[in-house]
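Quick note: numbers below take in every heavy atom, side chains included, and nothing from hydrogens, waters or symmetry partners. Numbers restart at 1 for each chain; the letters A, B, ... are given by sequence-line order, proteins then strands.
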Amino acid sequence: MLDKIKDFASDFFVTGDPLIYGADVAIVLTMAAVVFVLSYFKKWGWLWREWLTTVDHKKIGIMYIIAALLMLFRGGVDALLMRTQLVMPEMDFLKPEHYNEIFTTHGVIMILFMAMPLMFGLFNIAVPLQIGARDVAFPFLNSLSFWLFFMGAMLFNLSFVIGGSPNAGWLAYPPLSEKMFNPGVGQDFYIWGIQISGIGSLMTGINFIVTILKMRAPGMKLMKMPMFTWSVLASSLTIILAFPILTVTLALLFIDRFLGAHFFTLDAGGNPMMYINLIWMWGHPEVYIVILPAFGIFSEIVSTFSKKKLFGYKSMVFALMSISVVSFFTWAHHFFTMGSGANVNAFFAVSTMIIAIPTGVKVFNWILTMYKGKISFKTPMLWTMGFIPCFVVGGMTGVLLSVAPADFQFHNSYFLIAHFHQVLIGGVAFGYFAGLYYWWPKMFGFSLNEKLGKWAFWLWNIGFYVCFMPQYLLGLMGMTRRYSSYSWDTGWFELNLVSTIGGFLMGIGFLFQVWQILHSIKFMQKDTTGDPWDGRTLEWSIPSPAPEYNFATEPRVSAMDDWWEKKQKLASGGAPEPKPALEPIHMPKNSGIPIIKATFWFIAGFGFVFDWMWMAIPGLIGVAACMLAHSFNYDTDYYIPVDEIKRTEAAAGRGV
Amino acid sequence: MANHGNHAASGAHGHDHGHGGHHDLEALRQMGFWLFLITDCILFGTLFATYIVLHNNTAGGPTASELFEMPGVIAETFILLTSSFTSGLAVLCMNRGNRQGLIGWLAVTAILGAAFIGLEVSEFLKMVDEGAKISTSAFLSGFYTLVGTHGLHVSVGLCWMIALMFQLRKHGITSVTRRKVNVISLYWHFLDVVWIFVFTIVYMMGVM
Amino acid sequence: MKKKGWYRRLAAGIPLAAIAFLLSGCSVNMGILDPKGTIARQQLDLIIITSVLCVIILVPVLIMTYWFAWKYRHRGDGEYKPNWSHSSKIESVMWGVPIIVILIIAVLTVQYAHKLEPSKAIASEAKPITIEVTSLDWKWLFTYPEQGVASVNYVRFPANVPVEFKLTADAPMNSFWIPQLGGQIYTMSGMAMELNLMADHVGQYPGKGANFSGEHFGKMEFIAEATSQEDFDKWVADVKGSSPALTEQGYGELAEPGIVEKPTTYSSFPEGLFDRIVNKYSAGAGSGHHHGSSSSDGESADEAQAMDMGAMDMGTAGDSSTATTEHAHQHN
């Protein structure tokens with residue numbers, strides 16, 4: 001009996017690597033510490049009522065951001081492990097099978113469990129406030145989206161200590177990811193982790209489209225919307241068109257593995273190349289899904305910190321929308337080398353280049369917004385200034401890659417690696433960091449320390465170039481991606497060494513950010529104005545942090561950058577607008593169903609990973625029960641009385 | 001209940017860009033559902049695309065024309081089309097305020113839906129019995145997945161419809177239940193349209 | 001024009017300076033920057049031309065960014081015009097210049113895509129040599145149908161003679177790449193891909209499996225050696241004389257997952273091996289185990305596959321076009 005248990009445990013838990021034992025211990029200790037702290041301070045009830053069951057978009061946003069930063073840590077550690085392995089030739093720090101797992105999880109985590117939730121976090125924080133709404137269109141669904149993402153991410157991360165990590169690359173190309181070549185459970189963790197969180201992403205897309213189209217404050221015409229909101233609309237439209245393809249693709253892969261079907265197998269007529277087409281039909285739009293909101297953030301920041309209207313608003317809107325359309329016609333540029341022929345390659349090459357046009361135009365927009373402005377270089381603006389040159393160079397190498405006949409030489413090399421890290425770090429990560437610094441006071445009611453922020457920025461920025469510029473050269477020298485080691489006679493040593501140093505500089509930059517946050521919590525500089533940056537859009541017209549109902553009375557919008565215009569009018573001696581009388585505010589009630597339902601999804605997913613039907617089926621039944629419970633619940637909302645609004649506003653220093 | 005009444009009233013004249021703090025929640029939900037249908041369209045579109053790519057890859061197993069038996073399929077089609085019609089009748093009853101008629105027609109729709117599922121399941125079982133399994137060939141993988149996904153959608157719709165009948169009995173026709181009936185009938189018509197594509201692309205082109 | 005030359009030198013100069021710095025002392029293989037074949041040479045030309053075109057936009061953008069940031073800084077003396085946000089003239093330049101540059105690059109791309117299409121035969125007076133390439137877990141098998149010899153992780157061919165590589169896989173997909181001779185192409189099971197290369201210098205060039213294919217894919221490196229015609233003929237004769245034969249059973253063992261430490265050669269290989277590997281996975285009506293039934297059917301299997309790809313493209317393209325129509329609706 002004992003032997004049987006031992007056998008099971010050695011299969012079930014990942015064993016044999018000191019690194020992993022260390023991680024196990026760290027995980028257990030952290031969890032114990034969390035449980036202890038919550039119990040000691042009797043915070044379980046508070047946690048459940050205020051956070052786990054909340055449907056408030058601001059709190060959901062904060063939870064997204066916390067989860068994303070944790071994932072950034074994990075993905076970053078993966079990256080540094082890889083850079084350590086590559087620091088010199090013939091290193092024996094990681095074995096090939098570990099290296100393969102690490103680059104797989106690094107990619108999946110950074111895109112799907114770091115960039116996506118950080119983006120959704122910023123959607124949640126900023127969009128309802130920018131358009132003068134009380135919440136998103138479907139607060140319950142919003143909470144469900146978050147918990148699905150969270151449980152999906154946890155399921156994926158569990159593979160680190162239980163069962164084994166996926167190791168077929170971040171997009172899991174078959175036949176390598178099929179049962180025949182990959183019999184372990186890692187690939188099933190991959191499928192279910194992404195699938196569960198993907199459903200959440202899809203619902204978030206729907207949620208924000210309806211929110212933006214239907215819930216704007218009176219007077220805010222589409223063409224008066226803040227640019228970030230536009231970018232969220234473009235991104236959300238892309239989400240709802242692209243994510244169903246991912247859902248189907250992963251489902252088919254799972255059916256192959258689980259029921260022995262032959263969609264992508266080598267035998268019985270399966271077609272692995274179809275997977276590659278399908279996954280990139282989602283995968284390419286996906287990169288625009290994450291970059292478009294970053295463009296929106298930069299637009300807000302450039303205009304705020306230049307104290308000037310955004311240049312070429314209409315061009316910008318057109319550019320955003322056209323990118324989200326064209327992004328659906330470029331997927332094949334990820335495999336020009338599949339031999340589809342000159343005409344097919346030329347088509348996809350040209351469609352890819354076309355995207356460079358609106359993207360380039362946006363850069364001009366930002367630069368011309370600075371022109372004749374009054375620019376102050378606070379941290380959000382610093383990240384923007386770091387972004388522009390980085391993204392322009394990254395975009396340029398992107399154009400080089402899109403030239404199909406030349407791509408035959410760049411494909412699968414470190415040139416490609418350097419390119420997409422340049423646009424994803426220099427574009428997406430820098431953008432979300434900028435957004436985080438920008439909206440931080442609005443989220444928490446205090447500002448972050450500028451000095452430490454500058455340290456973090458410079459370390460990240462310099463570290464980035466030190467890390468990735470050598471990789472362009474390595475690619476040209478013929479270094480292939482996903483190599484777990486290389487020999488001395490390749491001549492790649494020096495450049496790899498430099499690159500690793502850069503990677504660690506960025507790691508230190510991250511530590512500075514953590515320090516910055518802790519330091520700023522300790523020496524709290526309260527934002528009493530609600531408008532620390534002299535902002536332009538509606539979110540800066542209310543106290544920081546925003547009260548749960550956001551706006552005491554619904555704002556009336558008459559201009560683009562409405563809040564800025566109102567401030568200008570007041571400053572030039574105009575009479576303040578009369579405040580409308582307060583009315584009771586209609587709010588959605590908290591609900592425990594989302595977290596419970598997501599937990600059932602987790603249970604079902606875990607059951608499917610291990611082929612344990614006794615676990616998967618009850619999990620699915622639980623999901624169905626939660627759906628019914630929600631459908632039969634007609635008591636979903638309540639009103640905040642006028643007295644309470646008055647008290648809250650007064651406490652925030654606003655007379656009503 | 002009163003709250004919801006309020007809502008619909010205040011939302012009715014502000015349905016475009018919202019009005020006051022009271023957005024027309026039910027209109028929002030209806031729009032959300034339309035967006036969901038778009039995602040479902042893409043989902044089925046992807047499945048159809050994979051089926052079309054794989055439909056000749058029979059790998060020595062049975063082909064479409066050897067396998068499909070049209071009488072059963074035509075019966076399924078007829079039943080599903082009729083159920084779409086009866087779900088339309090349910091909505092008409094609702095618009096006249098006739099709760100009994102509404103529940104009755106929903107029940108007829110659900111029974112027809114269940115008959116459709118029953119026929120489909122027996123068709124699948126018969127094929128599996130003849131040795132045409134999902135693991136036999138890429139063609140059959142595509143077939144079972146595409147048609148099965150449609151069947152799964154119909155089954156989910158069935159459960160939902162039954163749940164809705166209970167809610168209608170309890171709450172009557174309110175702005176909330178009205179939206180729910182509208183949404184499910186929309187969903188049902190959508191599945192009908194998808195089935196017409198299944199019928200044409202999978203069965204008709206399969207036996208031709 | 002003068003200016004453009006300056007840019008070109010700059011574009012080429014920066015990496016070259018860096019390289020010179022790095023190379024001081026040791027000789028390092030510079031990969032695609034040091035082409036030794038006609039295809040790689042043209043690809044490098046294309047890379048340099050497009051880089052220069054991109055730099056035309058890049059440099060002014062960078063200058064403007066830093067200049068404006070400095071000039072209009074908060075304490076600076078720049079003019080402040082908070083409401084200036086539109087200028088039709090500037091916006092048309094801002095759209096026009098990228099459109100023109102992209103147009104030029106697009107035209108170049110289309111031309112070169114046809115010129116450098118990997119399946120296109122290279123014009124030469126010499127008669128091309130055919131080499132069949134099979135990617136296995138985790139090694140490369142080269143078979144010479146005309147010479148009757150085979151080798152693993154080593155391929156030799158005469159310089160200045162076009163080489164027609166026919167490629168497939170008997171394992172998860174990989175990618176066949178000799179950076180100094182020209183771009184890569186996927187090796188996929190059930191398909192016979194084609195890649196035409198020609199070395200114009202005698203020498204040894206590193207080749208690699210560029211697409212991740214499992215645990216030891218990093219060991220899928222090989223040497224491509226271009227020699228004179230005489231040396232090549234001599235090598236073939238040597239291999240025929242001294243190497244063992246690759247038997248059907250030997251191939252089975254070779255195809256098992258594992259690595260091959262040292263390049264090996266074989267004096268012969270089973271007739272029609274390559275076509276059988278291709279047919280083993282070809283999708284059509286046949287079962288997955290039609291060993292040896294149609295060794296001459298390489299071509300037709302190829303065609304079936306091409307049709308498959310075509311159908312797939314149509315399917316997917318159709319799908320995405322419906323997606324965008326919905327998109328358009330969304331806007332209205």
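- Heavy atoms from other residues, nucleotides or ligands lying under 6.0 Å from NZ of A:Lys378 number 12 at most.
- Salt bridge absent: A:Lys309 and A:Asp561 never bring a charged side-chain N and a carboxylate O closer than 4.0 Å.
- For a residue to count as touching a neighbouring chain, one of its non-hydrogen atoms must lie under 4.5 Å from one of that chain's; by this rule A:Phe336 does not touch chain C.
- Between A:Trp331 and A:Phe348, the two ring planes are perpendicular [angle over 60°; tilted spans 30° to 60°].
- Only the side chain of C:Glu117 comes within less than 4.5 Å of a heavy atom of chain A; its backbone N, CA, C and O stay farther away.
- Proximity to chain A (any heavy atom under 4.5 Å) is restricted, for C:Ser175, to the side chain, taken from C-beta onward.
- Ring centroid separation for the pair A:Tyr483 and C:Phe217 comes in under the 6.0 Å cut-off.
- With a threshold of 4.5 angstrom between heavy atoms, A:Phe377 approaches chain C through side-chain atoms but not through N, CA, C or O.
- Looking only at heavy-atom pairs under 4.5 Å with chain A, the residue among C:Ile102, C:Leu103, C:Asp34 that has the most is C:Ile102.
- Taking the six-membered ring wherever Trp is involved, the centroid distance between the rings of A:Phe493 and A:Tyr486 does not fall below 6.0 Å.
- Both the backbone and the side chain of A:Leu176 come within contact range of chain C, each with at least one heavy atom under 4.5 Å from a heavy atom of that chain.
- Only the side chain of C:Glu221 comes within contact range of chain A, judged by heavy atoms closer than 4.5 Å.
- A distance of 6.0 Å or more separates the ring centres of A:Phe364 and C:Trp95.
- There is no contact between A:Ser484 and chain C, counting heavy-atom distances below 4.5 Å.
- Interface remark: C:Leu62 contributes side-chain atoms only to the contact with chain A (heavy atom separation under 4.5 Å).
- When heavy atoms are compared at a cutoff of 4.5 Å, A:Met180 does not approach chain C at all.
- For chain A, the nearby part of C:Leu46 is the side chain; its heavy atoms alone come within less than 4.5 Å.
- For the pair A:Pro358 and A:Phe318, the minimum side-chain heavy-atom distance is 4.5 Å or more.
- Proximity to chain C (any heavy atom under 4.5 Å) is shown, for A:Thr397, by neither the backbone nor the side chain.
- If you measure heavy-atom distances from C:Ile185 to chain A, the contacts under 4.5 Å come from both the backbone and the side chain.
- Between C:Tyr186 and A:His411, a ring centre-to-centre spacing shorter than 6.0 Å is recorded.
- For the pair A:Leu495/A:Met477, a side-chain contact is recorded, criterion being any heavy-atom separation below 4.5 Å from C-beta on.
- For C:Asp137, the part lying near chain A is the side chain, with the backbone staying farther off; criterion is any non-hydrogen pair under 4.5 Å.
- A heavy-atom distance below 4.5 Å is found between the side chains of A:Ile355 and A:Ser327.
- Heavy-atom pairs under 4.5 Å with chain A were tallied for C:Gly218, C:Pro257, C:Ser119; the largest tally goes to C:Gly218.
- If you measure heavy-atom distances from A:Asn167 to chain C, the contacts under 4.5 Å come from the backbone alone.
- Chain C forms more heavy-atom pairs under 4.5 Å with one residue of A:Val350, A:Val393, A:Asn100 than with any other, namely A:Asn100.
- For A:Trp366, no part lies under 4.5 angstrom from a heavy atom of chain C.
- The part of A:Phe103 that comes within reach of chain C is its side chain, from C-beta onward, which places non-hydrogen atoms under 4.5 angstrom from that chain.
- Residue A:Tyr371 places its OH atom among 12 or fewer non-hydrogen atoms of other residues, nucleotides or ligands, all under 6.0 Å distant.
- For a residue to count as touching a neighbouring chain, one of its non-hydrogen atoms must lie under 4.5 Å from one of that chain's; by this rule C:His86 touches chain A with the backbone only.
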